[in-house]
Asks: 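Handing you this structure, nothing more for now.
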Amino acid sequence: MLANTDPEVKHADALLAWYDRHRRRLPWRALPGEAADPYRVWLSEIMLQQTTVKTVGPYFEAFVARWPDVGAMAASDVEDILKAWAGLGYYSRARNLHACARVVSETLGGRFPDDVEGLRKLPGVGAYTAAAVAAIAFGRRAAVVDGNVERVVTRLEAIETPLPQAKPLIAACVEAITPESRPGDFAQAMMDLGATICTPKRPACALCPFMARCSARQAGTQETFPRKAPKARRPLRRGAAFWVTRPDGWVLVRKRPDKGLLGGMTEIPSSVWSEDFDAAGAVGHAPLKMKWRRLPGEVQHGFTHFELAVTVYAADAPLTAKAPPDCRWVRLADLDGEALPTVMRKIAALARGQ
DNA sequence: GACCCGTGGCA
DNA sequence: TTGCCAAGGGT
């Protein structure tokens with residue numbers, strides 16, 4: 001048998017040998033030699049978008065316990081998906097997850113497409129996820145590029161072009177080193193390497209299978225990659241939330257519009273949030289005309305592109321009070337089970353004196 | 001390409 | 001404390 005001396009193949013061989021010794025054991029990952037379940041691979045990849053392995057763990061376990069296959073998920077209501085997703089963030093992922101399950105179950109016979117082109121058409125599945133599922137679940141040779149891989153490759157090749165302009169070049173580099181054999185393991189190996197060795201700060205280069213051929217390492221500049229354009233500072237927005245309770249202990253909540261920030265989630269009825277919020281006229285944003293009392297303190301919360309400070313107002317409604325449009329009454333004890341995003345849980349905690 | 005979209009952990 | 005970062009996608 002001829003030895004393959006192609007340098008790209010040597011990258012893959014070195015990495016796969018490292019992976020066979022050091023692979024992480026993760027709840028969604030098949031054991032060596034075991035076939036991956038496309039449903040679990042897809043579900044985990046959606047959850048892992050911009051979200052840490054540690055955070056995803058319990059959510060993944062809860063989801064597969066409740067919805068063991070794509071048919072079960074497709075048969076559920078999107079509201080139940082949102083409730084189970086609450087706290088995980090990026091809520092459009094949850095709505096797309098449900099939409100995708102319906103497409104796969106109802107128009108694709110319950111089977112996920114087995115190639116990148118087909119996967120890419122599904123809601124919530126972009127270039128990364130399509131490639132990851134194709135490679136990991138179906139053994140397709142696909143260039144899987146996430147944030148870990150971007151870091152590994154920009155260091156390996158000392159790519160000076162900043163992100164996101166460097167993305168096409170990085171994809172081409174990954175394409176060149178992805179092997180025909182074990183492409184799914186190769187992709188997971190690249191991500192494990194980025195997560196455990198080729199870390200953003202203080203990478204453990206001495207343990208890296210690429211050390212000898214890493215351009216940035218040879219120059220001693222590995223920590224400076226990837227190059228990135230500086231980020232804009234997040235502005236501070238202000239707003240008000242309105243905590244209305246009845247004598248029997250029920251509280252008023254509202255469903256947010258399906259699109260936009262916290263789309264489709266439940267909220268404690270709130271004002272708009274803006275940089276020039278008029279605190280003096282805050283109660284003008286309330287869902288009901290009430291005698292409001294401003295509660296001491298303030299809820300602080302960080303979103304992707306702004307900081308938020310919310311003032312909370314409370315009022316007592318009569319037992320007979322009607323819920324305004326989009327609003328409904330829920331038992332205080334049932335609030336935890338609602339599709340309440342974290343910022344709304346903070347508001348509820350302040351209102352309840354916790 | 002630029003902007004929108006959550007949250008928690010870490011230095 | 002503040003900023004950075006995490007298995008990105010949609011528009």
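All chains are named by letter (A, B, ...) in the order of the sequence lines, taking the proteins before the strands, and each is independently numbered beginning at 1.
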Asks: Just to be sure I understand the rule, does Val125(A) reach a base, reach only the sugar-phosphate, or reach nothing, if contact means heavy atoms closer than 4.0 Å?
Replies: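 The residue Val125(A) makes sugar-phosphate contact but no base contact.
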Asks: Is the distance from OP1 or OP2 of dA6(C) to the nearest side-chain N or O of Arg151(A) less than 4.0 Å?
Replies: yes
Asks: Base, sugar-phosphate alone, or nothing: which one does Ala187(A) contact when heavy atoms must sit under 4.0 Å apart?
Replies: nothing
Asks: Measure all distances between protein nitrogen or oxygen atoms and nitrogen or oxygen atoms of nucleotides 3-6 of chain B, and list the pairs falling under 3.5 Å.
Replies:
unit_1 : atom_1 : unit_2    : atom_2 : d
dC5(B) : OP1    : Leu261(A) : N      : 3.3
dC5(B) : OP2    : His305(A) : NE2    : 2.5
dG6(B) : OP1    : Tyr90(A)  : N      : 3.4
dG6(B) : OP1    : Tyr91(A)  : N      : 2.8
dG6(B) : OP2    : Leu262(A) : N      : 2.4
dG6(B) : O4'    : Tyr90(A)  : N      : 3.0
dG6(B) : N7     : Tyr90(A)  : OH     : 3.3
dG6(B) : N7     : Thr304(A) : OG1    : 2.8
dG6(B) : O6     : Tyr90(A)  : OH     : 2.9
dG6(B) : N1     : Gln50(A)  : O      : 3.0
dG6(B) : N2     : Gln50(A)  : O      : 3.3
dG6(B) : N2     : Thr51(A)  : OG1    : 3.0

Asks: Report the residues that fulfil side chain to side chain donor-acceptor pair (under 3.5 Å) with Arg246(A), sequence neighbours left out, ordered by chain and then residue number.
Replies: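 Applying side chain to side chain donor-acceptor pair (under 3.5 Å) to Arg246(A) gives Asp248(A).
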Asks: Do the charged groups of Glu223(A) and Arg155(A) touch, with an N to O distance under 4.0 Å?
Replies: no
Asks: Classify Trp28(A) by what it touches in the nucleic acid, base, sugar-phosphate, or nothing, heavy-atom distance under 4.0 Å.
Replies: base
Asks: Is any side-chain N of the basic residue among Asp192(A) and Arg23(A) closer than 4.0 Å to the acidic one's carboxylate O?
Replies: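 Salt bridge between Asp192(A) and Arg23(A), a charged N being under 4.0 Å from a carboxylate O: no.
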Asks: For Ile136(A), report the nucleic acid contact type (base, sugar-phosphate, nothing); a contact means any heavy atom under 4.0 Å.
Replies: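 Counting heavy atoms under 4.0 Å across all strands, no contact is made by Ile136(A).
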Asks: Taking NZ from Lys201(A) and C1' from dC5(C), how many angstroms apart are they, rounded to a whole number?
Replies: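 In whole Å, dC5(C) C1' and Lys201(A) NZ are 8 Å from each other.
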Asks: To the nearest Å, give me how far apart CG (Leu26(A)) and P (dA7(C)) are.
Replies: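 For the pair Leu26(A) CG and dA7(C) P, the rounded distance is 11 Å.
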Asks: Expressed in angstrom and rounded to an integer, what is the separation of His98(A) atom NE2 from dG9(C) atom P?
Replies: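 Whole-Å distance recorded here is 21 Å.
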Asks: Starting at atom NZ of Lys231(A), determine the distance to atom C1' of dA2(B), rounded to an integer number of angstrom.
Replies: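 The answer, rounded to whole Å, is 14 Å.
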Asks: Could you pick out which residue, Asp192(A) or Arg234(A), lies toward the 5' side of DNA chain C when each is mapped onto its nearest nucleotide?
Replies: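 Looking at the nearest nucleotide for each, Arg234(A) comes out on the 5' side.
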Asks: On DNA chain C, nearest-nucleotide positions of Arg24(A) versus Pro123(A): which is more 5'?
Replies: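 The residue mapped nearer the 5' terminus is Arg24(A).
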Asks: Please determine whether a side-chain nitrogen of the Lys or Arg among Arg237(A) and Glu275(A) lies less than 4.0 Å from a carboxylate oxygen of the Asp or Glu.
Replies: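 No, this pair does not count.
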Asks: Rounding to an integer number of Å, can you tell me how far Asn96(A) CG sits from dT11(C) P?
Replies: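 Value for this atom pair: 8 Å.
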Asks: Rounding to an integer number of Å, can you tell me how far Tyr128(A) OH sits from dA6(C) P?
Replies: 13 Å
Asks: Separation of Gln165(A) atom CD from dG1(B) atom P, in whole Å?
Replies: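 Distance, rounded to whole Å: 7 Å.
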Asks: Taking the same atom, P, in dG10(C) and in dG8(B), what whole-Å distance lies between them?
Replies: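 Their P atoms lie roughly 24 Å apart.
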Asks: Give a yes or no on whether the ring-centroid distance for Phe60(A) and Phe63(A) is below 6.0 angstrom.
Replies: no
Asks: Give a yes or no on whether the ring-centroid distance for Phe242(A) and Trp292(A) is below 6.0 angstrom.
Replies: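 Centroid distance Phe242(A)-Trp292(A): below 6.0 Å, so yes.
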Asks: In whole angstrom, give me the gap between the C1' atoms of dA7(C) and dA11(B).
Replies: 23 Å
Asks: When we call it a touch if two heavy atoms are under 4.0 Å apart, what does Arg95(A) touch: a base, just sugar-phosphate, or nothing?
Replies: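 The residue Arg95(A) makes no contact with any strand.
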Asks: Checking all strands, does Ser44(A) fall into the base, sugar-phosphate, or nothing category for heavy-atom contacts under 4.0 angstrom?
Replies: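 Ser44(A): no heavy atom of the nucleic acid under 4.0 Å.
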Asks: Between P on dG8(B) and NZ on Lys54(A), what's the gap in Å once rounded to a whole number?
Replies: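 Going from NZ in Lys54(A) over to P in dG8(B) covers 11 Å.
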Asks: Under 6.0 Å between ring centres: does that hold for Trp18(A) and Phe210(A)?
Replies: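 Trp18(A) vs Phe210(A): aromatic centres not under 6.0 Å.
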Asks: Check this for me, if you would: do Arg345(A) and Glu338(A) make a salt bridge, where the nitrogen-to-carboxylate-oxygen distance has to be below 4.0 angstrom?
Replies: no
